[in-house]
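Since the structure is predicted, the reported quantities are computational estimates derived from the model, not experimental observations.
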Amino acid sequence: MIEVVRPGPLATVQDLGRAGYAHLGVPLSGAADRASLCLANRLIGNAEDAAGVELTFGNAALRFESAAWVAVTGAPLPLSPVTMNAPCHVPAGTVVEFGAPSAGVRTYVAVRGGVDVPAVLGSRSTDVLSGLGPPPLSAGDRLAVGRATGMITVDVAPGLEPEGEPVLRVAAGPRDDWFETLAPLAEAAYEVTTQSNRVGVRLDGPALKRRRGGELPSEGMVTGSLQVPPNGLPIIFLADHPTTGGYPVAAVLATGDIPRAAQLRPGQRVRFRFAAGGT
């Protein structure tokens, strides 16, 4: 068992989400930075889709009631008594303390065997928008740990590299013809606002001007879509995104850049570069 001593601003259980239910309006959810969760699991011999804990802005503490192997990846933060990006053994009764990240937003904690909470629609993930899955963690919550199966074969791995002003690759989206031009996306930097969360990264910067008025019927979209509401400021949709709210999708992030978008923090600047496809 793992006891949540202090959850920090937001701590949730996450795996790789609920694939295959988008036609029912159920978001994929899962880890916002899937690459970091997968790395944490690989470090301790878990399958990549094992459930772990996603910490938003750290400042948390977890007590391991039994001896365990753990790995911590994602947004770098002060950590005791273990280290980041490496498999670490913690004796029974150990309290692992997490400080505030120096860069990025989301830190991932994997435990050998995976966090074993009940699955909903095939996933143990918390979806903060729909309410599916376990609620966000609170002090005193206790999490069961599953049975370990794989082997630990890695000593250490490269972790998340802090980025001052990331450049994310995008391609024109399915409703790009609703805009006079997408050029502003590539010409100036956007700033991440405090209204960002697991649903989406809200941006402030040059507005995209519409050439068509009105709204669309709600339609499905992929994670990484840049939906543009009437104010012209794009929103990068992350793991818990819904269907569109009647607004057009101007562009779509390269799949490989979605984890980087998930680590953008309020006040940080970000740029976009149009790329021909790519992952």
Side-chain angles (χ1 to χ4, degrees), residues 17 19 22-23 25 27-36 103-106 129 160-279:
H23 64 293
L28 178 61
S29 191
D33 177 355
R34 294 163 68 92
S36 290
V105 176
R106 296 179 172 92
L129 186 64
L160 180 73
E161 292 290 337
E163 297 183 282
E165 189 172 288
V167 179
L168 305 180
R169 297 166 295 164
V170 294
R175 302 296 179 184
D176 62 326
D177 60 331
W178 279 54
F179 300 90
E180 291 183 2
T181 174
L182 301 184
L185 280 177
E187 292 175 348
Y190 286 81
E191 183 172 312
V192 179
T193 76
T194 56
Q195 283 74 49
S196 302
N197 52 29
R198 280 182 46 85
V199 175
V201 179
R202 292 181 178 271
L203 302 173
D204 192 10
L208 298 181
K209 293 183 180 178
R210 293 264 293 265
R211 70 167 51 156
R212 295 178 58 174
E215 294 185 355
L216 289 159
S218 187
E219 55 189 5
M221 59 180 169
V222 298
T223 303
S225 295
L226 270 69
Q227 182 182 258
V228 182
N231 65 6
L233 299 176
I235 304 168
I236 306 172
F237 276 90
L238 297 182
D240 291 354
H241 69 82
T243 57
T244 59
Y247 309 135
V249 171
V252 180
L253 245 60
T255 303
D257 285 355
I258 294 173
R260 298 169 63 207
Q263 293 291 357
L264 293 170
R265 54 198 296 165
Q268 189 172 5
R269 288 157 59 95
V270 61
R271 291 180 177 270
F272 297 99
R273 176 173 63 83
F274 280 91
T279 58

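A distance-only check finds a donor-acceptor pair linking the side chain of Thr193 to the backbone of Gln195 [under 3.5 Å]. Under the 3.5 Å distance criterion, the side-chain polar atoms of Ser196 are matched with a main-chain donor or acceptor of Arg202. Looking at Gln263, its side chain does come within 3.5 Å of a backbone N or O of Val105 through a donor-acceptor pair. In terms of modelled atom types and a separation under 3.5 Å, the side chain of Arg175 and the main chain of Val249 share no donor-acceptor contact. Panel note: side chain Gln268, backbone Ala103; no donor-acceptor pair is recorded below 3.5 Å.
When the shell of 6.0 Å around CD of Glu161 is examined, it contains 12 or fewer heavy atoms from other residues, nucleotides or ligands.
Between atom CZ of residue Arg106 and atom OG of residue Ser36 there is a gap of 11.0 Å, rounded to the nearest 0.5 Å. In this structure, the separation between CZ on Phe179 and CZ on Arg211 is 10.5 Å, given to the nearest 0.5 Å. Note: Leu264 CG to Glu191 CD = 11.5 Å, rounded to the nearest 0.5 Å. Separation of atoms CZ (Arg273) and CG (Leu168) is listed at 10.0 Å; rounding is to 0.5 Å. The CG atom of Asp176 sits 10.0 Å away from atom OG1 of Thr181, with the distance rounded to the nearest 0.5 Å. Distance check, rounded to the nearest 0.5 Å: CE of Met221 to NE2 of His241 gives 6.0 Å.
The shortest heavy-atom contact between Ala189 and Pro206 is O-CD, 3.9 Å. The two residues Ala207 and Asn231 have their closest heavy-atom pair at CB-O, 3.6 Å. Considering all non-hydrogen atoms of both residues, Ala250 and Leu208 come closest at CB-CD1, 4.0 Å. Pro230 and Tyr247 make their closest contact through CD-CE2, 3.5 Å (heavy atoms, listed as atom of the first residue, atom of the second, distance). Pairing each heavy atom of Pro248 with each of Arg210, the nearest pair is CD-NH1, 3.6 Å. Minimum heavy-atom separation, Arg265 to Gly104: NH1-O, 3.0 Å.
Ile235 has its side chain out of reach of Leu203: every pair of non-hydrogen atoms, C-beta onward, lies at least 4.5 Å apart. Put simply, the side chain of Trp178 does not reach to within 4.5 Å of the side chain of Val228, judged on heavy atoms. Contact of the Leu226 side chain with the Leu185 side chain is registered, since non-hydrogen atoms from C-beta on lie closer than 4.5 Å. Within the 4.5 Å cutoff, side-chain heavy atoms of Arg212 are placed close to those of Asp177.
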Subject >> Test side chain to side chain contact (heavy atoms under 4.5 Å, CB included) applied to Tyr190 and Val201, step by step >> reply: CA-CA 11 Å; Tyr190 286 81; Val201 179; over 6 Å; no
Subject >> Leu28/Arg34 under side chain to side chain contact (heavy atoms under 4.5 Å, CB included): CA gap, chis, key distance, verdict >> reply: CA-CA 12 Å; Leu28 178 61; Arg34 294 163 68 92; 3.5 Å; yes
**OP:** Begin from the C-alpha positions of Leu238 and Arg198 and carry the test side chain to side chain contact (heavy atoms under 4.5 Å, CB included) through to its verdict.
**Re:** CA-CA 6 Å; Leu238 297 182; Arg198 280 182 46 85; 5.7 Å; no
**OP:** Show your working on side chain to side chain contact (heavy atoms under 4.5 Å, CB included) between Val199 and Phe237 and close with a plain yes or no.
**Re:** CA-CA 6 Å; Val199 175; Phe237 276 90; 4.1 Å; yes
